[in-house]
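Residue numbers start from 1 in every chain, and the chains themselves are labelled A, B, ... in the order their sequence lines are given, proteins ahead of strands.
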Amino acid sequence: MSYKGPRGTYDVFPGGREPHERADLWAYVEGRAREILGLHNYREVRTPVFEEVELFARTAGEASDIVVQKEMFTFRDKGEREMALRPEGTPGAVRAYIEHNLFKLAQPIKLFYVGPMFRQERQQRGRYRQHTQIGVEALGTSDPLVDVEVISLLYAIHQSIGVRDEVVHLNNIGDMPTRRAYVPELRAFLRKNAAHLDPDSVARMDTNPLRTFDSKHEATQAVLAEAPKIGAFLSPEAADHLAVVRSGLDALGVPYELDEQLVRGLDYYTMTVFEAKSGALGAQDTVGAGGRYNALISDLGGPDLGGIGFGSGVERMLLAAAARETESALNLFFVTLAPEARVPAMRLAGALRAEGVSCDLDFGGRGAKGQFKQADRSGARYAAILGEDELSRATIKVRDMASGEEREVDVSGGSVELLRAIGA
RNA sequence: GUGGCCGUAGCUCAGUAGGUAGAGCAUCGGAUUGUGGCUCCGAAGGUCGCGGGUUCGAGCCCCGUCGGUCACCCCA
């Protein structure tokens, strides 16, 4: 084999082994998600898979090494513009919201997107260089009940496709007053215990102390268990917001766990953050996650309005969902027993398809036995046999593949009798 | 990007102390000149990831490289 797919990518095809390689499961998940999104009145937005690097750099802070941090695929176009394949969906959606003045309409604007995201990382279970996210952005309001809707929507989508062993983690990382109060406390605490922290956390202690909570090092986690909790530092506004979100989730019956160590990788989050994890995955156990971003819209040149959204990894949803079988959709398979029967069979097939009956026929020039074998494997309920005898009588033989029963029907007047014979 | 493990037919794998490759399933054909699922017979299918090296001889040993996988980093 001379060519292989690029590192960290995979193909979706009939017969794929892993759930995320199966085309039928993709159709199922996307279909369910679109249905539920529609029921919540979210509408689709499609934005380019590449944007100016600057857009993504703007949205994720730590400007200097952002390209490295977010591990973006970047390239320069022929006009010397620095571009990047999108690593996440929010910046493009928010950019479009601003660019098309959607903030002038009645708010919120509730959008969803489905599409590929790109990150240049080493692959592992549930992590790919090109992965797909189903995401949602509710833009133009800071109403905490929108947070409730967005989180319950994420949960509803996961439940509908059967994500196993799911826990929603919830936190509020506060507004600016909250952080001004909390971050210095946390930083001071970390400095005091720096000797017990891993190098990555030591490095982040000054630039972004909140992120140290993400560390997987045992020693670091032991230190963090004793760290001051953000809950005690929440401004009155942030505390109220969290209380409304919690009681809303309780009222809707969405199970969640308050997790004061939950921070998020993207720096634009404010107030509400959440993560849906599944025990059915490996180390990459976050199926979907998101949060509120009350400064992002204005940072990108829009009005001072809040927004909240989530992204959910389709590959991870597929991996975390219980195995599922999808049945064959084929109704009928034509078996031709003479070369001159093939074109008539195709003509009849056309007539059947026009009536919504799915059918197929052999293209390999197989003998009778081989064709019946194909019919059997196709999962078709009926085989329609067309040979010299049938041709001369203007009939076709319909065989019920399960019972083996056969009956000959008249097709001199078209496909009517044939349709009736198979109950269509 | 770093590290552990792995890389033999389409798939899952075996391959013994180094002697130029096997099985099961799948595919195709036949047993049944126009009838599937079971059974039997047969065929086709491999530069043993790639490149070097050691050796009379390498799928087995050594080096490099590419790829996969899992974990770290990061994140959906």
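Under the rule for a salt bridge (Lys or Arg N to Asp or Glu O under 4.0 Å), the partners of E51(A) that lie at least two apart in sequence or sit in another chain are R95(A). The ring-ring contact (aromatic ring centres under 6.0 Å, His included) search around F73(A) returns none, not counting sequence neighbours. For the salt bridge (Lys or Arg N to Asp or Glu O under 4.0 Å) test, residues two or more places apart in sequence or in another chain that qualify with D77(A) are R81(A). In this structure H169(A) satisfies the ring-ring contact (aromatic ring centres under 6.0 Å, His included) test with no other residue, sequence neighbours excluded. Every residue two or more places apart in sequence or in another chain was checked for a salt bridge (Lys or Arg N to Asp or Glu O under 4.0 Å) with E355(A), and none qualifies. Residues that satisfy the ring-ring contact (aromatic ring centres under 6.0 Å, His included) test with F189(A), not counting sequence neighbours, are absent from this structure. For K110(A), the salt bridge (Lys or Arg N to Asp or Glu O under 4.0 Å) criterion is met by E149(A), not counting sequence neighbours.
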Starting at the 5' end of nucleotides 5-14 of chain B, put B wherever the base has a protein heavy atom under 4.0 Å, S where only the sugar-phosphate does, and a dash everywhere else.
-> ------SS--
Let me have a per-nucleotide readout for nucleotides 23-29 of chain B, 5' to 3', with B, S or -, counting only protein heavy atoms under 4.0 Å.
-> ----SS-
Go through F274(A) and Y256(A) one step at a time and tell me if the ring-ring contact (aromatic ring centres under 6.0 Å, His included) criterion holds.
-> CA-CA 9 Å; F274(A) 53 95; Y256(A) 69 90; over 10 Å; no
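Closest to the side chain of R204(A), out of C72(B), A76(B), C74(B), is C74(B).
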Nucleotide-level pairing of RNA chain B, given in dot-bracket where Watson-Crick and G-U pairs need both distances under 3.5 Å and | marks other strands = (((((((..((((........)))).(((((.......))))).....(((((.......))))))))))))....
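The side chain of R7(A) contributes an N or O atom lying less than 4.0 Å from OP1 or OP2 of G68(B). Residue Q124(A) has a polar side-chain atom (N or O) positioned under 4.0 Å from OP1 or OP2 of A71(B). The phosphate of C74(B) has neither OP1 nor OP2 within less than 4.0 Å of any side-chain N or O from R119(A).
No contact: F310(A) has no heavy atom under 4.0 Å from any strand.
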Run the side-chain donor-acceptor check on residues 356-374 of chain A: report pairs under 3.5 Å with partners two or more places apart or on a different chain.
unit_1  : atom_1 : unit_2  : atom_2 : d
S358(A) : OG     : A329(A) : O      : 2.8
S358(A) : OG     : N331(A) : N      : 3.0
S358(A) : OG     : N331(A) : OD1    : 3.1
D362(A) : OD1    : G364(A) : N      : 3.2
D362(A) : OD1    : R366(A) : NH1    : 2.6
D362(A) : OD2    : G364(A) : N      : 3.4
D362(A) : OD2    : G365(A) : N      : 3.1
D362(A) : OD2    : R366(A) : N      : 2.9
Q371(A) : OE1    : T336(A) : N      : 2.8
Q371(A) : NE2    : T336(A) : O      : 2.7
Q371(A) : NE2    : R366(A) : O      : 3.0

Acceptor/donor pairs from residues 411-424 of chain A side chains to any protein atom, 3.5 angstrom cut, sequence neighbours excluded:
unit_1  : atom_1 : unit_2  : atom_2 : d
S412(A) : OG     : D410(A) : OD1    : 2.8
S412(A) : OG     : D410(A) : OD2    : 3.0

